[in-house]
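Residue numbering restarts at 1 for every chain, and letters A, B, ... go by the order of the sequence lines.
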Amino acid sequence: MEILYFIVIFLFCLGIYTIISQKNLIKIVIGFTIVESSLILLLILVGYKPGGTAPILDKVYQIVVDPISQALALTSIVIGGSVTAVMLMLVIKIQKRYGTLNIDKIRKLHG
Amino acid sequence: MIRINEMFKKLYKISLVVLLAIFLLYVFNEIHDLASKSYLSEHYISKGVQETGAINLVTSVLYDYRSFDTLGEATVILTASAILAFLVPLRKVAMHGTKFLIIVHQTMIFIVPYLAVLGSYLILFGHLNPGGGFVGGVVLALIPIVMTITYCIEFSEYKFKPNIKTLLEDLGSICFIILGLFGIVTGSNFLASGQSNLGLGNPGELISGGLILCLNIIIGIKVGAGMAKIFNSLIKGE
Amino acid sequence: MIDIILYILIIFLALTAFFMVFTKDMLSSIIALPIFGSILVVIFVILQAPSAALAEAVITAGLTTGFFVITINKTEMQND
Amino acid sequence: MELAVWVIILPLLTGFLLGISKLYFNKILFPLVMSSAIIYLYLLILVIQNSNPPKLYSIGNWGLLGINLMVDPFSSMFLLIIAILFISVIVFSMKYIKMNKHKYFIFTYLMIAGIAGMVLTADLFNLYVFLEVSSMSSYALSAFKKTDKGIEGTFKYLIMSTFGSFFILLATILTYYLTGTLNIAEVSLGFQDIPFMIKSMLMCLFVFGYVIKIGLVPMHAWLPDAYEDSPIPYNVFSSGLVMKSAIYALIRVLYIIFGIEFLSESGILNIFVYWGVITFIISHFLAFQQSNLIRLLAYSSIAQIGYIIVGLFVGSEKGLIGGSFHILNHAIMKGALFLVVGIFYYSLKSVKIEDIKEMGYKYPIISFIFVINALAIVGLPPFNGFMSKWLIVEAALESGFVYPAFFILVGTFLSLTYYLKVIIKLYTKTEEKIITKVPLALKIPTIFVGSLCIVFGIVPSLPLSLINNIPKFLLDNSEYVRILLGG
């Protein structure tokens with residue numbers, strides 16, 4: 001299970017690197033989606049107990065996975081989805097007004 | 001000269017990210033040795049079903065123990081769909097729709113009832129099996145979305161009028177708060193479904209879990225209307 | 001057995017994320033997004049989190065990909 | 001205390017009702033907005049009055065299992081700011097906003113609900129959710145004019161704000177993993193037996209997340225662009241409340257969860273004091289070169305945030321009182337300045353400094369208010385800005401920060417220069433200009449908020465009676481924790 005923690009760090013830093021270095025606006029929004037997904041994976045991982053079962057208690061189980069982290073993960077997924085939708089709308093509007101998706105060109109046209 | 005400057009800037013960014021990675025590795029390594037205390041989740045697991053009446057503990061946490069988060073959550077979706085509807089320009093812009101064969105229209109006619117059944121199942125059985133208001137709502141939102149893709153947007157707007165969607169969203173949020181006030185009326189605090197002396201029913205059945213079922217339906221309709229409006233606004237978005 | 005599947009999925013996850021970021025063509029990086037999402041869904045199911053898996057599948061792998069495709073459709077029209 | 005929940009639900013309900021009234025009966029916009037604003041004002045005053053011993057309200061009657069709201073003197077001071085600014089901005093924007101008023105008021109009410117939720121909640125993840133609610137509606141308001149620069153500035157604001165939210169979410173997840181709970185009191189108890197190194201790491205994550213949202217120096221580039229092409233009544237809120245609520249969340253997390261001993265031991269207090277000093281020195285220089293009034297006021301806001309950070313993180317009781325008093329004063333003074341600039345924009349359709357010549361003689365009262373508030377924000381004696389800055393300087397000197405205290409005085413003269421530049425332009429004679437008549441509904445709130453600056457300057461005991469018992473529940477967190485645990 002430790003390798004999943006390394007994957008979370010790898011995805012988090014890959015997303016942060018994408019946001020910092022990419023020139024294309026859509027690639028930046030993809031970077032945000034990657035960081036969002038890595039945080040949700042971390043949330044699920046934090047709540048996981050080896051050998052546990054899903055938090056649906058139709059029968060009595062010995063080890064049950066932590067339900068709070070899954071509820072927080074569900075909330076973060078929906079928040080991430082709506083923030084991405086707003087970002088993409090602004091990307092469309094910027095592309096229509098400035099005609100390009102490249103940040104450097106936008107900064108020049110900005111004047 | 002510019003190439004070196006470019007290389008230097010790229011190296012600077014890579015080093016920043018590598019530094020962050022090392023910092024996080026150190027933090028995770030240290031944290032992993034400490035035993036993680038989880039007495040709150042133990043309480044939810046042991047007493048969750050009796051206190052809230054819902055089998056699916058995630059739904060009981062979302063709609064009863066921490067239902068204030070879900071209220072904030074529903075407001076985020078409403079604001080997002082309001083922003084996108086607000087940013088749409090007034091003049092009509094046709095999306096470059098592709099002409100689909102008759103097969104696509106036929107399969108679409110088969111898919112829509114299936115989506116409706118699946119969506120309402122996920123909403124209604126939210127507190128018994130995995131699913132819940134958010135997931136069922138988005139599945140229900142797929143119906144207008146599939147219509148927008150196969151037919152033109154005017155047809156989907158004709159079937160599901162934008163005003164009706166906005167009305168559904170706002171009414172859904174108001175009903176969510178009214179159900180919360182129901183908790184105050186019956187003597188206990190705001191948004192109290194497990195604690196308010198409402199019959200919880202026996203956990204296995206459909207009508208059980210106090211207000212969780214109604215909250216699920218309201219959130220499902222609200223998220224469905226919101227996501228459909230977001231999708232249509234993105235398409236109409238100039 | 002589960003661990004072997006998990007390790008394969010993790011390798012695929014890292015590969016897809018890498019591909020999604022460093023490919024030049026926009027459309028292929030958008031296509032990699034639902035693959036990334038669905039691998040995450042399988043990992044969530046292995047980690048016993050069905051509600052989060054459903055939500056992730058429907059919202060991140062489903063709707064957000066639709067939003068990205070619309071953005072590509074609207075912005076690529078002018079460039080080429 | 002029953003009313004704490006109403007402070008959050010009432011704006012939410014009004015926002016949703018406005019959404020419906022936009023479709024079917026949109027004549028009731030004016031009565032609905034005004035009546036709910038007045039009821040909200042009355043509600044806020046009730047909550048502020050009985051907030052001295054902090055009151056607890058558990059959502060869903062779950063006690064420590066669920067989410068709790070906590071009305072504490074520090075949060076009731078923010079409710080006081082909301083009470084003062086909200087009613088005046090609603091009256092101001094009733095006449096100021098001409099197109100799609102419904103959407104404007106929906107977003108304003110949802111932003112106020114988000115900020116009230118952030119200020120009252122005593123739960124870490126709920127703080128993050130309401131942070132998202134208030135920033136989502138402030139993105140909407142900052143892109144309200146749909147101009148090129150406005151949308152580009154909003155996109156930059158969205159990117160930087162979400163970037164900050166990621167680190168806050170990461171820190172929240174790790175604190176949940178370590179302490180098993182999300183309630184602030186239980187987290188601070190659970191943090192006592194955690195080794196020093198991990199606690200300081202988590203603190204760095206929290207600090208890095210919130211500093212991006214506050215906009216201290218290296219991460220302040222997005223702030224003037226986000227302000228530039230947004231409606232001016234929104235600027236009153238964003239400089240007075242949205243940035244301050246991020247400071248509130250930072251103080252709540254640092255002082256209650258980590259405790260004052262750990263903060264001074266880990267040296268973050270000194271770092272923040274010098275960070276505040278660098279912030280206001282640099283932003284004063286940047287503000288000096290601006291030709292656009294709104295950008296000038298935005299940079300001056302960043303500078304005042306620097307003073308507040310110096311005041312709050314000096315770590316002494318007097319420093320906390322000075323910093324919180326400066327939060328209140330800055331919200332009032334900057335609000336009045338932005339309202340005056342709004343009136344100039346309404347009549348002149350431009351905010352360039354050269355265009356506001358001769359306005360001193362056209363609108364004598366409004367320009368007089370601008371001069372008073374400009375001098376107050378600089379920190380000249382008779383006004384309220386001077387009182388709070390003097391408290392901050394005293395606290396800095398007492399805690400041994402001699403250089404920051406000296407730099408605060410240097411900063412005062414720096415800010416005097418660029419405000420004088422504007423005031424001189426205000427009273428220079430030029431040829432005749434056509435200006436549109438400004439309705440009375442725009443002047444009354446400006447005069448109300450502007451005159452408050454004098455009232456609090458002459459009678460500082462009015463707000464200080466509330467602010468004096470802030471450190472009791474903030475400096476040593478045992479009192480706050482005891483009450484939150486149902487003590």
Side-chain angles (χ1 to χ4, degrees), chain B residues 23-24 26-28 30-32 34 36-44 47 51 61 64-73 75-76 78-80 82-83 85-87 89 162-164 166-167 169-174 176-178 180-181 183-184 187-196, chain D residues 2 5-6 8-9 12-13 15-20 22-24 57-62 64-67 69 100 103 106-107 110 113-114 117 121 123 125-126 129-130 132-133 136-137 139-140 143-144 146 151 170 174 177-183 186 190 194-195 197-198 201-202 204-205:
Chain B
F23 171 75
L24 284 178
Y26 183 72
V27 169
F28 275 43
E30 291 278 329
I31 278 177
H32 203 63
L34 285 172
S36 81
K37 300 195 279 289
S38 61
Y39 56 91
L40 194 62
S41 61
E42 291 313 326
H43 180 277
Y44 281 167
K47 295 194 186 53
E51 277 178 353
V61 166
D64 193 352
Y65 285 116
R66 300 181 60 86
S67 47
F68 210 50
D69 277 354
T70 319
L71 177 63
E73 181 53 46
T75 325
V76 167
L78 185 125
T79 330
I83 294 172
F86 166 69
L87 284 177
N163 285 357
I164 303 290
T166 320
L167 185 70
E169 265 197 296
D170 290 318
L171 271 184
S173 340
I174 290 174
F176 194 95
I177 292 179
I178 286 168
L181 296 181
I184 295 182
S188 80
N189 293 4
F190 183 68
L191 276 180
S193 93
Q195 286 293 328
S196 73
Chain D
E2 186 59 48
V5 176
W6 281 103
I8 299 172
I9 309 169
L12 273 179
L13 260 177
F16 302 142
L17 284 173
L18 278 170
I20 295 178
K22 177 176 189 305
L23 302 173
Y24 294 109
Y57 183 84
S58 67
I59 302 281
N61 206 3
W62 284 111
L64 286 175
L65 293 174
I67 296 168
L69 301 181
N100 36 45
K103 283 280 175 160
I106 291 173
F107 291 140
L110 288 181
T121 179
D123 185 277
F125 191 73
N126 206 14
V129 170
F130 276 118
E132 283 294 318
V133 168
M136 187 68 103
S137 27
Y139 305 145
F144 195 74
K146 297 196 208 176
I151 290 208
L170 180 62
L174 293 182
Y177 177 72
L178 280 174
T179 57
T181 160
L182 284 164
N183 193 327
E186 285 179 343
I194 284 179
M197 187 47 73
I198 298 176
M201 294 279 176
L202 272 179
C204 293
L205 282 176

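B:L181 touches chain D through its side chain: at least one heavy atom from C-beta onward sits under 4.5 Å away, while N, CA, C and O do not. Residue contact with chain B, scored on non-hydrogen atoms closer than 4.5 Å, involves the side chain of D:L23 exclusively. Of the two parts of D:F107, only the side chain, counted from C-beta on, holds a non-hydrogen atom closer than 4.5 Å to a non-hydrogen atom of chain B. Contacts between B:L191 and chain D at a heavy-atom distance below 4.5 Å involve backbone atoms as well as side-chain atoms. Only the backbone of B:E73 comes within contact range of chain D, with at least one heavy atom under 4.5 Å from a heavy atom of that chain. For a residue to count as touching a neighbouring chain, one of its non-hydrogen atoms must lie under 4.5 Å from one of that chain's; by this rule D:L170 touches chain B with the side chain only. Neither the backbone nor the side chain of D:I106 has a heavy atom closer than 4.5 Å to any heavy atom of chain B. Heavy atoms of D:T121 lying under 4.5 Å from chain B are absent altogether. Both the backbone and the side chain of B:V76 come within less than 4.5 Å of a heavy atom of chain D.
The main-chain N or O of B:N189 is never found under 3.5 Å from a side-chain atom of D:Y57 such that the two would form a donor-acceptor pair. B:Y39 places no side-chain N or O within 3.5 Å of a backbone atom of D:T181 that could act as its donor or acceptor partner.
Using a 4.5 Å heavy-atom threshold, the side chains of D:I20 and B:I174 count as touching. Residues B:L78 and D:L110 form a side-chain contact, since some pair of their non-hydrogen atoms from C-beta on lies under 4.5 Å apart. The side-chain heavy atoms of D:L65 and B:E51, taken from C-beta on, include a pair separated by under 4.5 Å. Residues B:L34 and D:P195 meet the side-chain proximity criterion, which asks for heavy atoms closer than 4.5 Å. Residues B:V27 and D:I198 form no side-chain contact, since every pair of their non-hydrogen atoms from C-beta on lies 4.5 Å or further apart. Inter-residue side-chain proximity for B:S173 and D:L12 is flagged as unmet; no heavy-atom pair is nearer than 4.5 Å.
Of the listed residues (D:I151, D:L174, D:L64, D:L18), the one with the most heavy-atom contacts under 4.5 Å to chain B is D:L174. Per-residue heavy-atom pair counts under 4.5 Å with chain D were compared for B:T79, B:I83, B:D69, and the maximum is reached by B:D69. Chosen from D:L13, D:V129, D:N126, D:N100, the residue pairing most often with chain B at heavy-atom distances under 4.5 Å is D:N126. Interface summary for chain B: among D:F144, D:F16, D:Y139, D:Y177, the most heavy-atom pairs under 4.5 angstrom belong to D:F16.
Checked against the 6.0 Å centroid criterion, the rings of B:F68 and D:F130 qualify as a close aromatic pair.
From B:F190, atom CZ reaches atom CD1 of D:I67 across 11.0 Å, with rounding to the nearest 0.5 Å. Residue D:I9 holds its CD1 atom at 5.5 Å from CD1 of B:I184, rounded to the nearest 0.5 Å. Note: B:I31 CD1 to D:M201 CE = 9.5 Å, rounded to the nearest 0.5 Å. One finds the CG atom of B:L87 at 9.5 Å from the NZ atom of D:K103 (value rounded to the nearest 0.5 Å). Taking CD of D:E186 as the reference point, atom CG of B:L40 lies at 6.5 Å (rounded to 0.5 Å). Separation of atoms CG (B:D64) and CD1 (D:I59) is listed at 12.0 Å; rounding is to 0.5 Å.
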Hey, mind stepping through D:D123 and B:R66 against salt bridge (charged side-chain N to carboxylate O under 4.0 Å, His left out) and telling me if it holds? CA-CA 10 Å; D:D123 185 277; B:R66 300 181 60 86; 2.7 Å; yes
